[in-house]
Colleague: 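Got a structure here, written out as C-alpha coordinates. Questions coming.
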Amino acid sequence: QGTFFTVEADGFFKGSRRLYPKDGSVNYAYVQLLALDEIGSFFATDGGEVSDDFGLNISFPENSIQSSTGIIYNGEVTVAAKWLDPTAPNIAEIMPGDLLGLSARVEEVSLVTYGMMAVELFDEDGNNVNIAEGSMATLSFPVPQELINEAPAEIPLWSFYDEQYGIWAEEGSATLQGDNYVGQVSHFSFWNCDAPFPLVNASGTVVNADGKGIGNILVEIQMTNGASCGYAYTDNRGFYTGKIPKDETLIINVYNRCNQLVYTNILGPFSADVIIQPIVIPDEENVVTFSGSLLNCDGMAVTDGYVKIEFDGLSQYISTYSDGTFESSIDICNEAGTITAIGYNFEDLQQSNLTQYTVDGEPSIDLGVITTCDELESYFYYQIDGELYTMETAHAQTAPDSLSGLDTYIYLSGNTTNLPFTTIGIDNTSGPGTYNPDYALFFTESNFTAVCQDGCEDFTVTFEQLGYESGDPV
(Lines give C-alpha, C1' and ligand atoms only; values in the text may rest on other atoms or scores of the structure.)
Protein backbone atom coordinates (compact mmCIF):
# COMPACT_ATOMS: atom_id res chain seq x y z
CA GLN A 1 0.00 0.00 0.00
CA GLY A 2 1.10 3.56 -0.60
CA THR A 3 4.00 4.81 -2.71
CA PHE A 4 7.62 4.02 -1.84
CA PHE A 5 10.69 5.75 -3.29
CA THR A 6 14.42 5.84 -2.58
CA VAL A 7 17.07 8.58 -2.77
CA GLU A 8 20.75 7.78 -3.34
CA ALA A 9 23.95 9.86 -3.43
CA ASP A 10 27.63 8.98 -3.16
CA GLY A 11 28.92 9.30 0.38
CA PHE A 12 25.50 8.87 2.04
CA PHE A 13 23.31 6.10 3.38
CA LYS A 14 20.38 5.38 1.08
CA GLY A 15 17.29 7.39 2.00
CA SER A 16 13.67 6.45 1.35
CA ARG A 17 10.10 7.37 2.12
CA ARG A 18 6.65 5.81 2.01
CA LEU A 19 3.60 8.03 1.56
CA TYR A 20 -0.07 7.52 0.76
CA PRO A 21 -1.16 9.83 -2.08
CA LYS A 22 -4.80 10.68 -2.72
CA ASP A 23 -6.06 10.79 -6.31
CA GLY A 24 -6.00 14.27 -7.81
CA SER A 25 -3.66 15.77 -5.19
CA VAL A 26 -0.12 17.14 -5.06
CA ASN A 27 1.81 15.40 -2.29
CA TYR A 28 4.94 16.34 -0.37
CA ALA A 29 7.73 14.24 1.13
CA TYR A 30 11.16 15.11 2.48
CA VAL A 31 14.26 12.93 2.75
CA GLN A 32 17.42 14.02 4.56
CA LEU A 33 20.38 11.79 3.68
CA LEU A 34 22.80 10.69 6.40
CA ALA A 35 26.52 10.95 5.67
CA LEU A 36 28.54 7.72 5.59
CA ASP A 37 30.81 8.87 8.40
CA GLU A 38 33.39 6.38 9.67
CA ILE A 39 33.19 5.66 13.40
CA GLY A 40 35.99 3.09 13.57
CA SER A 41 37.72 0.10 12.02
CA PHE A 42 39.00 -3.36 12.94
CA PHE A 43 40.76 -6.34 11.39
CA ALA A 44 38.29 -9.01 10.33
CA THR A 45 40.50 -11.88 11.53
CA ASP A 46 40.59 -10.43 15.07
CA GLY A 47 37.10 -9.01 15.37
CA GLY A 48 36.60 -5.72 17.15
CA GLU A 49 34.35 -3.09 18.64
CA VAL A 50 33.40 0.40 17.46
CA SER A 51 31.32 3.16 19.03
CA ASP A 52 30.31 6.78 18.56
CA ASP A 53 29.88 9.80 20.85
CA PHE A 54 26.14 9.17 21.37
CA GLY A 55 26.37 5.71 22.92
CA LEU A 56 26.03 3.54 19.79
CA ASN A 57 28.20 0.43 20.00
CA ILE A 58 28.82 -2.50 17.63
CA SER A 59 30.96 -5.56 18.39
CA PHE A 60 32.16 -8.16 15.86
CA PRO A 61 33.52 -11.65 16.57
CA GLU A 62 36.68 -12.82 14.82
CA ASN A 63 36.48 -14.08 11.22
CA SER A 64 32.87 -12.84 10.92
CA ILE A 65 33.05 -10.74 7.74
CA GLN A 66 32.50 -11.87 4.16
CA SER A 67 32.70 -10.20 0.75
CA SER A 68 29.73 -9.68 -1.56
CA THR A 69 30.60 -13.04 -3.19
CA GLY A 70 30.45 -14.90 0.13
CA ILE A 71 34.22 -15.33 0.61
CA ILE A 72 35.56 -14.79 4.15
CA TYR A 73 37.38 -11.44 4.28
CA ASN A 74 40.64 -11.14 6.24
CA GLY A 75 41.58 -7.49 5.86
CA GLU A 76 40.73 -4.24 7.63
CA VAL A 77 37.03 -3.34 7.93
CA THR A 78 35.83 0.26 8.05
CA VAL A 79 32.52 0.87 9.82
CA ALA A 80 30.18 3.74 8.89
CA ALA A 81 27.26 4.05 11.31
CA LYS A 82 24.64 6.51 12.55
CA TRP A 83 22.31 6.42 15.53
CA LEU A 84 18.88 7.89 14.76
CA ASP A 85 17.45 9.60 17.83
CA PRO A 86 13.70 8.83 17.87
CA THR A 87 13.02 12.13 19.66
CA ALA A 88 14.94 14.25 17.10
CA PRO A 89 12.81 16.91 15.38
CA ASN A 90 13.96 15.67 11.96
CA ILE A 91 13.39 11.95 12.56
CA ALA A 92 10.63 11.93 9.92
CA GLU A 93 13.18 13.03 7.29
CA ILE A 94 16.17 10.87 8.26
CA MET A 95 14.52 7.50 8.89
CA PRO A 96 13.83 5.14 5.95
CA GLY A 97 10.29 4.35 4.80
CA ASP A 98 7.73 4.96 7.52
CA LEU A 99 6.80 3.18 10.76
CA LEU A 100 5.05 0.27 9.08
CA GLY A 101 6.28 -3.24 9.89
CA LEU A 102 5.76 -6.86 8.90
CA SER A 103 5.82 -9.03 12.02
CA ALA A 104 7.26 -12.53 12.34
CA ARG A 105 3.64 -13.74 12.08
CA VAL A 106 3.42 -11.99 8.66
CA GLU A 107 1.02 -9.31 9.93
CA GLU A 108 1.20 -5.62 9.11
CA VAL A 109 1.72 -3.64 12.30
CA SER A 110 2.18 -0.04 13.36
CA LEU A 111 5.59 0.56 14.97
CA VAL A 112 6.55 2.75 17.92
CA THR A 113 10.26 3.48 17.72
CA TYR A 114 12.78 3.68 20.57
CA GLY A 115 15.79 4.21 18.32
CA MET A 116 17.34 3.23 15.00
CA MET A 117 20.79 2.54 13.62
CA ALA A 118 22.25 2.66 10.09
CA VAL A 119 25.39 0.58 9.43
CA GLU A 120 27.54 -0.15 6.39
CA LEU A 121 30.86 -2.03 6.27
CA PHE A 122 33.68 -1.50 3.73
CA ASP A 123 36.85 -3.40 2.86
CA GLU A 124 40.24 -1.78 2.21
CA ASP A 125 39.22 -0.96 -1.40
CA GLY A 126 35.95 0.68 -0.41
CA ASN A 127 33.77 -2.28 -1.42
CA ASN A 128 30.78 -3.26 0.70
CA VAL A 129 31.22 -6.27 2.96
CA ASN A 130 28.78 -7.80 5.46
CA ILE A 131 28.47 -10.28 8.30
CA ALA A 132 29.44 -13.79 7.28
CA GLU A 133 26.79 -16.49 7.12
CA GLY A 134 26.42 -18.10 10.52
CA SER A 135 27.93 -15.12 12.38
CA MET A 136 26.29 -12.39 14.43
CA ALA A 137 27.24 -8.84 15.41
CA THR A 138 26.01 -7.25 18.64
CA LEU A 139 24.34 -3.84 18.46
CA SER A 140 23.81 -1.48 21.37
CA PHE A 141 21.25 1.29 20.85
CA PRO A 142 21.13 4.24 23.30
CA VAL A 143 17.61 5.00 24.54
CA PRO A 144 16.77 8.69 25.05
CA GLN A 145 16.12 9.71 28.65
CA GLU A 146 12.66 10.97 27.63
CA LEU A 147 11.68 7.37 26.77
CA ILE A 148 13.70 5.24 29.18
CA ASN A 149 11.04 5.01 31.91
CA GLU A 150 8.46 3.58 29.48
CA ALA A 151 10.87 1.44 27.45
CA PRO A 152 9.89 -2.30 27.44
CA ALA A 153 12.37 -4.72 29.05
CA GLU A 154 12.48 -6.64 25.74
CA ILE A 155 11.64 -5.26 22.31
CA PRO A 156 11.57 -6.71 18.76
CA LEU A 157 14.32 -5.76 16.32
CA TRP A 158 13.32 -4.75 12.80
CA SER A 159 15.49 -4.47 9.70
CA PHE A 160 14.98 -2.44 6.56
CA TYR A 161 16.92 -5.02 4.57
CA ASP A 162 14.57 -5.75 1.66
CA GLU A 163 14.11 -2.26 0.22
CA GLN A 164 12.05 -3.57 -2.70
CA TYR A 165 8.97 -3.34 -0.49
CA GLY A 166 9.97 -0.46 1.77
CA ILE A 167 8.76 -2.03 5.01
CA TRP A 168 10.42 -2.96 8.30
CA ALA A 169 10.70 -6.73 8.89
CA GLU A 170 10.86 -8.30 12.37
CA GLU A 171 14.17 -10.15 12.96
CA GLY A 172 15.06 -11.06 16.52
CA SER A 173 14.87 -8.94 19.65
CA ALA A 174 16.85 -6.68 21.98
CA THR A 175 16.89 -6.41 25.78
CA LEU A 176 17.12 -3.26 27.86
CA GLN A 177 20.50 -3.19 29.59
CA GLY A 178 20.89 0.01 31.55
CA ASP A 179 20.12 2.84 29.13
CA ASN A 180 20.72 0.77 25.99
CA TYR A 181 18.88 -1.85 23.96
CA VAL A 182 21.28 -4.70 23.10
CA GLY A 183 20.64 -7.34 20.45
CA GLN A 184 22.33 -9.48 17.81
CA VAL A 185 21.93 -9.21 14.02
CA SER A 186 23.03 -11.37 11.09
CA HIS A 187 23.36 -8.66 8.42
CA PHE A 188 23.58 -4.91 8.04
CA SER A 189 21.12 -2.34 6.85
CA PHE A 190 18.99 0.01 8.95
CA TRP A 191 17.94 -1.54 12.27
CA ASN A 192 15.09 -0.38 14.49
CA CYS A 193 13.99 -1.07 18.10
CA ASP A 194 10.19 -0.93 17.92
CA ALA A 195 7.15 -1.99 19.86
CA PRO A 196 4.51 -3.36 17.41
CA PHE A 197 0.79 -2.63 17.60
CA PRO A 198 -2.24 -3.69 15.54
CA LEU A 199 -3.06 -0.84 13.19
CA VAL A 200 -5.95 1.18 11.81
CA ASN A 201 -6.02 3.63 8.93
CA ALA A 202 -6.46 7.27 9.91
CA SER A 203 -6.99 10.34 7.74
CA GLY A 204 -8.00 13.95 8.14
CA THR A 205 -7.44 17.51 7.01
CA VAL A 206 -5.66 20.59 8.33
CA VAL A 207 -7.50 23.82 7.51
CA ASN A 208 -7.47 27.52 8.34
CA ALA A 209 -10.30 29.39 10.07
CA ASP A 210 -12.16 29.67 6.75
CA GLY A 211 -12.02 25.92 6.16
CA LYS A 212 -9.41 26.10 3.39
CA GLY A 213 -6.86 23.27 3.39
CA ILE A 214 -3.27 24.06 4.38
CA GLY A 215 -0.72 22.11 2.36
CA ASN A 216 2.82 20.90 3.01
CA ILE A 217 2.88 20.88 6.82
CA LEU A 218 3.88 18.02 9.10
CA VAL A 219 1.40 15.93 11.11
CA GLU A 220 3.01 13.73 13.79
CA ILE A 221 1.43 10.94 15.84
CA GLN A 222 2.97 10.00 19.20
CA MET A 223 2.26 7.63 22.04
CA THR A 224 1.44 9.38 25.31
CA ASN A 225 5.01 8.68 26.50
CA GLY A 226 6.37 10.73 23.59
CA ALA A 227 7.53 7.80 21.43
CA SER A 228 6.84 8.46 17.75
CA CYS A 229 4.62 6.16 15.70
CA GLY A 230 3.65 8.07 12.54
CA TYR A 231 4.29 11.06 10.30
CA ALA A 232 2.66 12.58 7.23
CA TYR A 233 2.78 15.83 5.27
CA THR A 234 -0.52 17.35 4.17
CA ASP A 235 -1.13 17.50 0.43
CA ASN A 236 -2.05 20.66 -1.46
CA ARG A 237 -5.62 20.38 -0.14
CA GLY A 238 -4.61 19.91 3.50
CA PHE A 239 -5.32 16.14 3.48
CA TYR A 240 -3.18 13.59 5.35
CA THR A 241 -3.44 9.84 5.88
CA GLY A 242 -1.47 6.97 7.41
CA LYS A 243 -1.50 3.98 9.73
CA ILE A 244 -1.61 4.35 13.52
CA PRO A 245 -1.76 2.00 16.54
CA LYS A 246 -5.18 0.49 17.23
CA ASP A 247 -6.92 0.94 20.62
CA GLU A 248 -4.24 3.29 21.95
CA THR A 249 -4.53 6.81 23.32
CA LEU A 250 -2.29 8.97 21.15
CA ILE A 251 -1.09 12.54 20.74
CA ILE A 252 -1.39 14.40 17.45
CA ASN A 253 0.98 17.30 16.73
CA VAL A 254 1.01 19.68 13.77
CA TYR A 255 4.12 21.64 12.78
CA ASN A 256 4.36 24.47 10.27
CA ARG A 257 6.99 24.67 7.55
CA CYS A 258 9.45 26.26 10.00
CA ASN A 259 9.09 23.28 12.37
CA GLN A 260 7.08 25.28 14.91
CA LEU A 261 4.41 23.38 16.86
CA VAL A 262 1.06 25.02 16.00
CA TYR A 263 -1.37 22.37 17.28
CA THR A 264 -1.40 19.47 19.74
CA ASN A 265 -4.23 17.35 21.14
CA ILE A 266 -5.14 13.92 22.51
CA LEU A 267 -6.26 11.46 19.85
CA GLY A 268 -8.18 8.19 20.13
CA PRO A 269 -8.27 5.42 21.04
CA PHE A 270 -9.68 4.00 17.78
CA SER A 271 -10.77 0.40 17.24
CA ALA A 272 -11.46 0.81 13.50
CA ASP A 273 -10.41 2.99 10.55
CA VAL A 274 -11.20 6.60 11.31
CA ILE A 275 -11.56 10.02 9.68
CA ILE A 276 -10.26 12.54 12.19
CA GLN A 277 -12.14 15.80 12.65
CA PRO A 278 -10.57 18.71 10.69
CA ILE A 279 -7.74 20.41 12.56
CA VAL A 280 -8.22 24.17 12.46
CA ILE A 281 -5.08 26.28 12.61
CA PRO A 282 -6.22 29.74 13.80
CA ASP A 283 -5.36 32.75 11.71
CA GLU A 284 -3.00 34.01 14.38
CA GLU A 285 -0.81 30.98 13.72
CA ASN A 286 0.67 32.70 10.65
CA VAL A 287 -1.55 31.18 7.97
CA VAL A 288 -2.15 33.82 5.30
CA THR A 289 -4.55 33.54 2.37
CA PHE A 290 -3.11 35.16 -0.76
CA SER A 291 -5.44 36.08 -3.61
CA GLY A 292 -5.55 38.25 -6.70
CA SER A 293 -5.73 38.21 -10.49
CA LEU A 294 -3.07 37.48 -13.10
CA LEU A 295 -3.47 39.35 -16.40
CA ASN A 296 -1.51 39.62 -19.61
CA CYS A 297 -0.29 42.91 -20.97
CA ASP A 298 -3.60 43.45 -22.81
CA GLY A 299 -5.56 43.11 -19.57
CA MET A 300 -6.87 39.61 -20.39
CA ALA A 301 -6.93 36.73 -17.89
CA VAL A 302 -3.90 34.43 -17.78
CA THR A 303 -5.15 30.85 -17.74
CA ASP A 304 -1.78 29.13 -18.26
CA GLY A 305 0.35 30.58 -15.49
CA TYR A 306 0.92 30.91 -11.78
CA VAL A 307 2.11 33.26 -9.07
CA LYS A 308 5.23 32.34 -7.11
CA ILE A 309 5.30 33.43 -3.45
CA GLU A 310 8.69 33.39 -1.69
CA PHE A 311 9.41 33.84 2.01
CA ASP A 312 12.24 32.77 4.33
CA GLY A 313 13.96 30.98 1.45
CA LEU A 314 10.83 28.90 0.67
CA SER A 315 8.66 29.01 -2.45
CA GLN A 316 4.96 28.31 -2.99
CA TYR A 317 3.23 28.21 -6.39
CA ILE A 318 -0.39 29.29 -6.83
CA SER A 319 -1.98 28.33 -10.15
CA THR A 320 -4.62 30.52 -11.77
CA TYR A 321 -8.24 29.57 -12.37
CA SER A 322 -9.89 29.87 -15.79
CA ASP A 323 -10.76 33.54 -15.12
CA GLY A 324 -7.18 34.43 -14.15
CA THR A 325 -7.87 34.65 -10.42
CA PHE A 326 -5.83 32.77 -7.84
CA GLU A 327 -6.12 31.99 -4.13
CA SER A 328 -4.24 29.82 -1.67
CA SER A 329 -3.57 29.65 2.07
CA ILE A 330 0.11 29.47 3.05
CA ASP A 331 1.75 29.05 6.45
CA ILE A 332 4.49 31.68 6.37
CA CYS A 333 5.83 30.69 9.82
CA ASN A 334 6.34 34.19 11.19
CA GLU A 335 3.67 36.69 12.18
CA ALA A 336 5.52 39.55 10.50
CA GLY A 337 7.97 39.68 7.64
CA THR A 338 8.44 40.28 3.94
CA ILE A 339 7.27 38.11 1.07
CA THR A 340 7.81 38.53 -2.66
CA ALA A 341 5.40 37.72 -5.46
CA ILE A 342 5.96 37.36 -9.18
CA GLY A 343 3.51 36.23 -11.86
CA TYR A 344 4.29 34.02 -14.87
CA ASN A 345 2.32 33.89 -18.11
CA PHE A 346 3.25 30.88 -20.24
CA GLU A 347 0.80 31.67 -23.02
CA ASP A 348 2.76 34.77 -24.00
CA LEU A 349 6.08 33.81 -22.36
CA GLN A 350 5.96 36.87 -20.12
CA GLN A 351 6.31 37.65 -16.42
CA SER A 352 5.49 40.46 -14.03
CA ASN A 353 7.79 42.63 -11.96
CA LEU A 354 8.96 41.20 -8.65
CA THR A 355 6.95 42.90 -5.91
CA GLN A 356 7.56 42.91 -2.15
CA TYR A 357 4.77 42.83 0.40
CA THR A 358 4.91 43.32 4.15
CA VAL A 359 3.05 40.78 6.28
CA ASP A 360 2.10 41.98 9.77
CA GLY A 361 -0.38 39.52 11.27
CA GLU A 362 -3.24 39.92 8.80
CA PRO A 363 -5.10 36.67 7.90
CA SER A 364 -5.40 37.50 4.20
CA ILE A 365 -3.61 39.62 1.63
CA ASP A 366 -5.10 40.71 -1.67
CA LEU A 367 -2.19 40.97 -4.10
CA GLY A 368 -4.50 42.81 -6.49
CA VAL A 369 -3.94 42.68 -10.22
CA ILE A 370 -0.57 41.32 -11.31
CA THR A 371 0.19 42.17 -14.92
CA THR A 372 2.71 40.23 -17.01
CA CYS A 373 4.33 42.54 -19.54
CA ASP A 374 8.02 41.63 -19.30
CA GLU A 375 9.73 38.89 -21.30
CA LEU A 376 10.41 35.73 -19.31
CA GLU A 377 13.95 35.89 -17.95
CA SER A 378 14.40 32.13 -18.36
CA TYR A 379 12.29 29.19 -19.43
CA PHE A 380 12.39 25.75 -20.98
CA TYR A 381 9.59 24.37 -23.13
CA TYR A 382 8.82 21.19 -25.03
CA GLN A 383 5.95 19.38 -26.72
CA ILE A 384 4.50 15.91 -26.11
CA ASP A 385 1.88 14.68 -28.58
CA GLY A 386 1.32 18.25 -29.71
CA GLU A 387 0.75 19.71 -26.22
CA LEU A 388 3.11 22.47 -25.13
CA TYR A 389 4.72 22.44 -21.67
CA THR A 390 6.67 25.38 -20.31
CA MET A 391 8.94 25.64 -17.26
CA GLU A 392 9.45 29.03 -15.64
CA THR A 393 12.69 27.75 -14.09
CA ALA A 394 14.57 24.83 -15.57
CA HIS A 395 17.41 23.53 -13.45
CA ALA A 396 20.08 22.33 -15.87
CA GLN A 397 23.07 20.38 -14.56
CA THR A 398 25.96 19.17 -16.70
CA ALA A 399 28.96 17.07 -15.76
CA PRO A 400 31.86 17.01 -16.13
CA ASP A 401 31.83 19.90 -18.63
CA SER A 402 29.33 22.10 -20.43
CA LEU A 403 27.66 21.12 -23.70
CA SER A 404 30.98 21.44 -25.48
CA GLY A 405 32.53 18.56 -23.52
CA LEU A 406 32.45 14.83 -24.15
CA ASP A 407 30.72 12.25 -21.95
CA THR A 408 28.42 14.93 -20.61
CA TYR A 409 25.37 14.19 -18.54
CA ILE A 410 22.50 16.68 -18.76
CA TYR A 411 19.70 16.80 -16.22
CA LEU A 412 16.75 19.14 -16.73
CA SER A 413 14.03 19.66 -14.17
CA GLY A 414 11.45 22.26 -13.26
CA ASN A 415 7.82 23.23 -12.67
CA THR A 416 5.14 23.69 -15.31
CA THR A 417 1.47 24.58 -14.99
CA ASN A 418 0.00 21.48 -16.60
CA LEU A 419 2.80 19.16 -15.40
CA PRO A 420 3.88 20.40 -11.97
CA PHE A 421 7.29 18.68 -12.12
CA THR A 422 9.36 17.27 -14.93
CA THR A 423 12.82 15.69 -15.20
CA ILE A 424 14.73 14.67 -18.32
CA GLY A 425 18.15 13.01 -18.22
CA ILE A 426 20.51 12.65 -21.18
CA ASP A 427 23.91 10.92 -21.11
CA ASN A 428 26.93 11.05 -23.43
CA THR A 429 26.15 14.26 -25.28
CA SER A 430 28.97 15.85 -27.27
CA GLY A 431 27.47 19.23 -28.11
CA PRO A 432 24.41 20.55 -29.93
CA GLY A 433 22.33 17.88 -31.60
CA THR A 434 19.37 15.54 -31.18
CA TYR A 435 19.51 12.86 -28.51
CA ASN A 436 17.39 10.08 -27.06
CA PRO A 437 17.14 10.71 -23.30
CA ASP A 438 18.01 8.00 -20.81
CA TYR A 439 14.79 8.80 -18.99
CA ALA A 440 11.89 11.24 -19.01
CA LEU A 441 9.65 11.52 -15.95
CA PHE A 442 6.54 13.66 -15.61
CA PHE A 443 4.52 14.27 -12.48
CA THR A 444 0.94 15.45 -12.88
CA GLU A 445 -1.42 16.58 -10.13
CA SER A 446 -2.94 13.11 -9.98
CA ASN A 447 -0.15 10.72 -10.81
CA PHE A 448 3.42 10.00 -11.87
CA THR A 449 4.15 9.11 -15.48
CA ALA A 450 7.40 7.60 -16.68
CA VAL A 451 7.51 8.25 -20.43
CA CYS A 452 10.65 6.15 -20.47
CA GLN A 453 13.19 5.04 -17.90
CA ASP A 454 15.73 2.73 -19.56
CA GLY A 455 16.38 4.55 -22.81
CA CYS A 456 13.85 6.59 -24.81
CA GLU A 457 13.72 5.24 -28.34
CA ASP A 458 10.59 7.21 -29.33
CA PHE A 459 11.42 10.45 -27.53
CA THR A 460 14.10 12.93 -28.60
CA VAL A 461 15.50 16.19 -27.26
CA THR A 462 17.27 18.69 -29.51
CA PHE A 463 19.92 21.05 -28.12
CA GLU A 464 20.68 23.92 -30.47
CA GLN A 465 22.94 26.06 -28.29
CA LEU A 466 23.21 27.44 -24.79
CA GLY A 467 20.66 30.19 -24.21
CA TYR A 468 22.68 33.12 -22.92
CA GLU A 469 19.94 35.63 -23.70
CA SER A 470 16.29 35.52 -22.62
CA GLY A 471 14.34 33.46 -25.11
CA ASP A 472 17.32 31.72 -26.67
CA PRO A 473 16.84 27.98 -27.26
CA VAL A 474 18.50 25.60 -24.81
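No experiment lies behind these values; they were computed from the predicted model shown.
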Colleague: Please tell me whether Asp98 and Tyr20 have a donor and an acceptor in their side chains that are separated by less than 3.5 angstrom.
Modeller: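 Note: Asp98 and Tyr20 side chains meet the donor-acceptor criterion.
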Colleague: Classify the ring geometry of Tyr30 against Tyr233: parallel below 30°, tilted from 30° to 60°, perpendicular beyond 60°.
Modeller: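 Plane angle between 30° and 60°, so tilted.
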Colleague: When rounded to the nearest 0.5 angstrom, what distance separates OG in Ser103 from CD in Glu170?
Modeller: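 Between atom OG of Ser103 and atom CD of Glu170 there are 6.0 Å.
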Colleague: I'd like to check the ring-ring contact (aromatic ring centres under 6.0 Å, His included) partners of Tyr357; sequence neighbours left out, ordered by chain and number.
Modeller: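 Per chain and number, Tyr357 pairs via ring-ring contact (aromatic ring centres under 6.0 Å, His included) with no residue.
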Colleague: Among all residues two or more places apart in sequence or in another chain, which pass the side chain to side chain contact (heavy atoms under 4.5 Å, CB included) test with Pro278?
Modeller: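 Side chain to side chain contact (heavy atoms under 4.5 Å, CB included) check on Pro278 returns Thr205, Val207.
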Colleague: Between atom OG1 of Thr224 and atom CD1 of Ile266, what is the distance when rounded to the nearest 0.5 Å?
Modeller: 7.5 Å
Colleague: Among all residues two or more places apart in sequence or in another chain, which pass the ring-ring contact (aromatic ring centres under 6.0 Å, His included) test with Trp191?
Modeller: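 Per chain and number, Trp191 pairs via ring-ring contact (aromatic ring centres under 6.0 Å, His included) with His187.
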Colleague: Give a yes or no on whether the backbone of Leu199 and the side-chain of Ser110 come within a donor-acceptor separation of less than 3.5 Å.
Modeller: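 Not at all, since once roles are kept as given, no pair shorter than 3.5 Å links the two residues.
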Colleague: Looking at CD of Glu220 and SG of Cys229, how far apart are the two atoms once the value is rounded to the nearest 0.5 Å?
Modeller: 8.5 Å
Colleague: Rounded to the nearest 0.5 Å, how far does CG of Leu84 lie from CD1 of Ile94?
Modeller: 4.0 Å
Colleague: I'd like to check the side-chain hydrogen bond (donor to acceptor under 3.5 Å, both in side chains) partners of Glu120; sequence neighbours left out, ordered by chain and number.
Modeller: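 side-chain hydrogen bond (donor to acceptor under 3.5 Å, both in side chains) check on Glu120 returns Asn128.
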Colleague: How would you list, by chain and number, every residue that makes a salt bridge (charged side-chain N to carboxylate O under 4.0 Å, His left out) with Asp366, sequence neighbours excluded?
Modeller: none
Colleague: What pairs with Glu327 under salt bridge (charged side-chain N to carboxylate O under 4.0 Å, His left out), at least two apart in sequence or on another chain?
Modeller: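 Salt bridge (charged side-chain N to carboxylate O under 4.0 Å, His left out) check on Glu327 returns Lys212.
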Colleague: Could you pull out all residues at least two apart from Gln145 that satisfy side chain to side chain contact (heavy atoms under 4.5 Å, CB included)?
Modeller: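 Listed in chain order: Ile148, Asp179.
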Colleague: Taking all non-hydrogen atoms of both residues into account, name the closest pair between Trp158 and Pro196 and its distance.
Modeller: CZ2-CB, 3.7 Å
Colleague: If every non-hydrogen atom of Val119 is compared with every non-hydrogen atom of Ala81, which pair is closest and at what distance?
Modeller: CG2-CB, 4.2 Å
Colleague: So, using salt bridge (charged side-chain N to carboxylate O under 4.0 Å, His left out) as the criterion, who are the partners of Lys246 when residues are at least two apart?
Modeller: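 Counting only residues at least two positions away or on another chain, Lys246 forms no salt bridge (charged side-chain N to carboxylate O under 4.0 Å, His left out).
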Colleague: Could you tell me which residues satisfy side-chain hydrogen bond (donor to acceptor under 3.5 Å, both in side chains) with Glu150, sequence neighbours excluded, listed by chain and number?
Modeller: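 If we apply the side-chain hydrogen bond (donor to acceptor under 3.5 Å, both in side chains) test to Glu150, skipping adjacent residues, there are no hits.
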Colleague: Give me the atom names and distance for the closest heavy-atom approach of Asn192 to Gly115.
Modeller: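 Shortest heavy-atom separation between Asn192 and Gly115 comes out as OD1-O, 3.2 Å.
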Colleague: In Å, rounded to the nearest 0.5 Å, how long is the span from OG1 of Thr87 to CD of Gln222?
Modeller: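 Those atoms lie 9.5 Å apart.
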Colleague: Would you check if there is a donor-acceptor pair between the side chains of Asp323 and Thr325 at a distance under 3.5 Å?
Modeller: yes
Colleague: For Asp348, give me all partners under side chain to side chain contact (heavy atoms under 4.5 Å, CB included), at least two apart in sequence or on another chain.
Modeller: Asn296, Asn345, Gln350
Colleague: Does the side chain of Phe13 come within less than 4.5 Å of Leu36's, by heavy atoms?
Modeller: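 Answer yes - side chains close enough.
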Colleague: Distance alone, cut at 3.5 Å: any donor-acceptor contact between the side chains of Asn353 and Thr355?
Modeller: no
Colleague: Examine Phe326 together with Phe290 and report whether their ring centres are nearer than 6.0 Å.
Modeller: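 Ring-ring flag for Phe326/Phe290: false, centres at least 6.0 Å apart.
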Colleague: Is there a side chain to side chain contact (heavy atoms under 4.5 Å, CB included) between Phe160 and Met116 once you walk through the steps?
Modeller: CA-CA 10 Å; Phe160 209 76; Met116 308 181 194; over 6 Å; no
Colleague: For Val302, run the side-chain contact (heavy atoms from CB on, under 4.5 Å) check against Leu294, Thr371, Ile370 and tell me which one passes.
Modeller: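 Testing each of Leu294, Thr371, Ile370 against Val302, the sole residue satisfying side-chain contact (heavy atoms from CB on, under 4.5 Å) is Leu294.
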Colleague: Are any of the side-chain heavy atoms of Ile279 and Tyr240 separated by less than 4.5 Å?
Modeller: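 Yes, their side chains come closer than 4.5 Å.
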Colleague: Hey, what do you get for CG (Leu250) to CD1 (Ile221), rounding to the nearest 0.5 Å?
Modeller: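 Answer for the CG-CD1 pair, Leu250 versus Ile221, is 6.5 Å.
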Colleague: Passes side chain to side chain contact (heavy atoms under 4.5 Å, CB included), Val109 versus Leu111? Steps please.
Modeller: CA-CA 6 Å; Val109 291; Leu111 300 178; 3.8 Å; yes
Colleague: Once the angle between the rings of Trp168 and Phe190 is folded into 0 to 90°, is it parallel (under 30°), tilted (30 to 60°) or perpendicular (over 60°)?
Modeller: perpendicular
Colleague: Could you label the plane-to-plane angle of the Phe54 and Trp83 rings as parallel, tilted or perpendicular, counting under 30° as parallel and over 60° as perpendicular?
Modeller: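 Judged by the thresholds at 30° and 60°, the geometry between Phe54 and Trp83 is tilted.
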Colleague: Does any N or O in the side chain of Thr338 come within less than 3.5 Å of the main-chain N or O of Phe311, such that one atom is a donor and the other an acceptor?
Modeller: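 Not at all, since once roles are kept as given, no pair shorter than 3.5 Å links the two residues.
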Colleague: How close do Ala341 and Val307 get, heavy atom to heavy atom, and via which atoms?
Modeller: CB-CG1, 4.3 Å
Colleague: List the residues meeting side chain to side chain contact (heavy atoms under 4.5 Å, CB included) with Val31, not counting sequence neighbours, and say none if there are none.
Modeller: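 Per chain and number, Val31 pairs via side chain to side chain contact (heavy atoms under 4.5 Å, CB included) with Phe5, Val7, Arg17, Leu33.
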Colleague: What heavy-atom pair brings Ala227 and Val112 nearest, and what distance separates the two atoms?
Modeller: CB-CG1, 3.3 Å
Colleague: Stepwise, does the side chain to side chain contact (heavy atoms under 4.5 Å, CB included) test hold for Ile252 with Tyr263?
Modeller: CA-CA 8 Å; Ile252 185 168; Tyr263 177 90; 4.0 Å; yes
Colleague: Have a look at Ser203 and tell me which of Ile275, Asp273, Ile276 forms a side-chain contact (heavy atoms from CB on, under 4.5 Å) with it.
Modeller: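 Only one option passes, and that is Ile275.
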Colleague: Grab the two heavy atoms, one from Thr234 and one from Ile214, that are nearest each other, plus how far apart they are.
Modeller: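 Minimum heavy-atom contact is OG1-O, 2.9 Å.
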Colleague: With sequence neighbours left out, what residues match Phe197 under ring-ring contact (aromatic ring centres under 6.0 Å, His included)?
Modeller: none
Colleague: For the backbone of Gly97 and the side chain of Ser16, can you confirm whether one donor and one acceptor N or O come within less than 3.5 Å of each other?
Modeller: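 Yes, the answer is positive, given that a donor and an acceptor are paired below the 3.5 Å cut-off.
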